[in-house]
*Asks:* 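First the structure, which I've put down as structure tokens, then a few questions once you've had a look.
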Amino acid sequence: MHDGIRVTIWNEGVHEKEMDVVGKLYPQGMGGQIAKSLEGRPGIASVRSVTLDSPEQGLSDEILETTDVMTWWGHTAHDRVTDENAARVHQAVVERGMGFVPLHSAHYSKPFIKLMGTSCGLKWREWEGIGEKERIWCVNPGHPIAEGLPEYIELERTEMYGEHFDIPQPDQQVFISWFQGGEVFRSGCCWHRGLGKVFYFRPGHETLPIYYNEHVLQVIYNGVKWAAPTRLLAPPKRCCSEPLEKME
Ligand code: ZN
């Protein structure tokens with residue numbers, strides 16, 4: 001048993017290398033920026049960053065077994081994540097309770113699609129290459145992920161994601177976004193899958209400084225805390241079972 005949440009930040013890490021604008025915006029990679037924002041916060045024991053280029057794609061048994069919550073950012077290289085590794089992430093969530101926090105374009109990541117069982121498709125637009133205004137409304141202010149946040153978060157310039165988002169009905173809906181162009185989107189969604197919890201959070205387009213917004217980073221921190229595994233004295237038993245009481 002250990003204290004605090006051991007976080008692994010999984011970042012694809014391709015745009016940072018291939019697009020100047022992204023490399024300049026995030027010299028340590030988007031993963032590095034998210035990691036920095038989590039380090040030292042109450043309840044966080046450790047933060048480790050891995051990318052697609054890490055040994056075993058950053059998804060080795062050793063890493064998965066020592067991760068309480070994994071955040072995931074991917075976009076251009078979803079297909080390069082092996083099916084075997086995606087299946088092991090899925091297994092870590094449902095069987096061991098590892099929390100999973102897919103961000104932005106991770107809606108099309110293999111582990112998320114496998115956890116949802118739907119296409120996870122959506123509408124998008126990068127208006128004139130500069131983006132448009134988004135208001136992320138908190139629709140569940142009593143939820144732990146709403147802690148320390150205003151009524152809404154405003155992003156001046158961002159990529160639009162719109163409905164319909166092909167996901168199963170969330171177990172809890174925390175945020176809904178409005179976009180300048182008129183669309184809405186379920187931006188913060190929670191699901192329980194087996195022993196694990198999944199929190200999808202929309203913001204994070206790579207060419208814009210979204211992961212420098214303190215409210216966005218607060219949501220990710222809150223999401224990590226919410227998705228952390230429940231500590232059990234014993235794993236649940238699923239088998240033929242003797243009665244607990246004497247029966248006649
Ligand atoms: Zn994007």
Side-chain angles (χ1 to χ4, degrees), residues 9 11-12 15-16 19 21-22 24-26 29-31 33-34 36-38 71-76 78 100-109 112 116 118-170 172-191 198-224 226-227:
I9 308 292
N11 181 40
E12 184 183 88
H15 288 315
E16 291 91 335
M19 295 169 72
V21 59
V22 185
K24 283 199 182 101
L25 205 48
Y26 295 107
M30 277 179 278
Q33 168 62 11
I34 294 166
K36 203 173 92 184
S37 80
L38 291 174
T71 71
W72 189 288
W73 197 101
H75 179 226
T76 195
H78 294 314
F100 188 62
V101 180
L103 301 168
H104 190 59
S105 41
H107 71 91
Y108 265 154
S109 65
F112 184 60
M116 295 296 105
T118 54
S119 77
C120 300
L122 48 79
K123 229 182 235 116
W124 75 92
R125 171 176 63 240
E126 202 181 348
W127 184 73
E128 304 270 294
I130 57 172
E132 62 201 87
K133 184 181 278 191
E134 173 181 10
R135 276 199 202 101
I136 306 163
W137 287 90
C138 178
V139 294
N140 197 343
H143 195 280
I145 296 179
E147 176 135 335
L149 290 162
E151 191 177 20
Y152 60 84
I153 303 167
E154 201 164 274
L155 299 176
E156 213 40 54
R157 294 277 172 202
T158 189
E159 179 187 27
M160 185 280 295
Y161 275 10
E163 298 285 342
H164 178 244
F165 185 16
D166 185 21
I167 46 172
Q169 186 70 22
Q172 295 140 33
Q173 186 73 54
V174 189
F175 301 104
I176 294 177
S177 285
W178 165 92
F179 291 88
Q180 202 170 354
E183 290 85 357
V184 296
F185 186 75
R186 287 168 289 171
S187 272
C189 307
C190 298
W191 296 269
V198 178
F199 173 59
Y200 172 80
F201 188 47
R202 192 208 86 84
H205 188 59
E206 65 275 4
T207 60
L208 299 161
I210 308 292
Y211 294 131
Y212 291 94
N213 181 295
E214 60 176 305
H215 294 316
V216 167
L217 295 172
Q218 177 77 32
V219 172
I220 294 173
Y221 169 57
N222 292 348
V224 164
W226 174 81

*Asks:* Quick one: are N213 and P203 in side-chain contact, heavy atoms under 4.5 Å?
*Replies:* no

*Asks:* Under 3.5 Å, side chain of Q218 to main-chain N/O of I220, donor-acceptor pair present?
*Replies:*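 Between the backbone of I220 and the side chain of Q218 there is no qualifying donor-acceptor contact (under 3.5 Å).
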
*Asks:* Start with the C-alpha distance between H75 and Y108, add both sets of side-chain angles, then the distance that settles side-chain contact (heavy atoms from CB on, under 4.5 Å), and finish with yes or no.
*Replies:* CA-CA 8 Å; H75 179 226; Y108 265 154; over 6 Å; no

*Asks:* Does the side chain of F201 reach to within under 4.5 Å of the side chain of V174, using non-hydrogen atoms?
*Replies:*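 F201 does not reach V174 side chain to side chain.
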
*Asks:* In a check of salt bridge (charged side-chain N to carboxylate O under 4.0 Å, His left out) between R125 and each of E134, E132, E159, which one passes?
*Replies:*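 In the set E134, E132, E159, the residue that makes a salt bridge (charged side-chain N to carboxylate O under 4.0 Å, His left out) with R125 is E132.
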
*Asks:* Would the W124 and F185 ring centres measure less than 6.0 Å apart?
*Replies:*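 Here the rings of F185 and W124 have centres that are no less than 6.0 Å from each other.
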
*Asks:* Within the structure provided, determine whether H104 and R202 are in side-chain contact (heavy-atom separation under 4.5 Å).
*Replies:* yes

*Asks:* Which label fits Y26 and Y212: parallel for a plane angle under 30°, tilted from 30 to 60°, or perpendicular past 60°?
*Replies:* parallel

*Asks:* Is E16 close to N11 at the side-chain level, that is, under 4.5 Å between some pair of heavy atoms?
*Replies:*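 When only atoms from C-beta onward are counted, E16 and N11 do touch, with a gap below 4.5 Å.
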
*Asks:* Decide yes or no for W178 and K133: does some side-chain heavy atom of the first lie under 4.5 Å from some side-chain heavy atom of the second?
*Replies:*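 Side-chain contact under 4.5 Å: yes.
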
*Asks:* So with a 6.0 Å cut-off around CD of E147, is the heavy-atom count from everything else above 12?
*Replies:*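 Atom CD in E147 is not packed in, count stays at 12 or less.
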
*Asks:* Hey, does L149 have a side-chain heavy atom less than 4.5 Å from the side chain of C138?
*Replies:* no

*Asks:* Given side chains that start at C-beta, do those of Q180 and W127 come closer than 4.5 Å, heavy atoms only?
*Replies:* no

*Asks:* Side chains of C190 and H143: closer than 4.5 Å at any heavy-atom pair?
*Replies:* yes

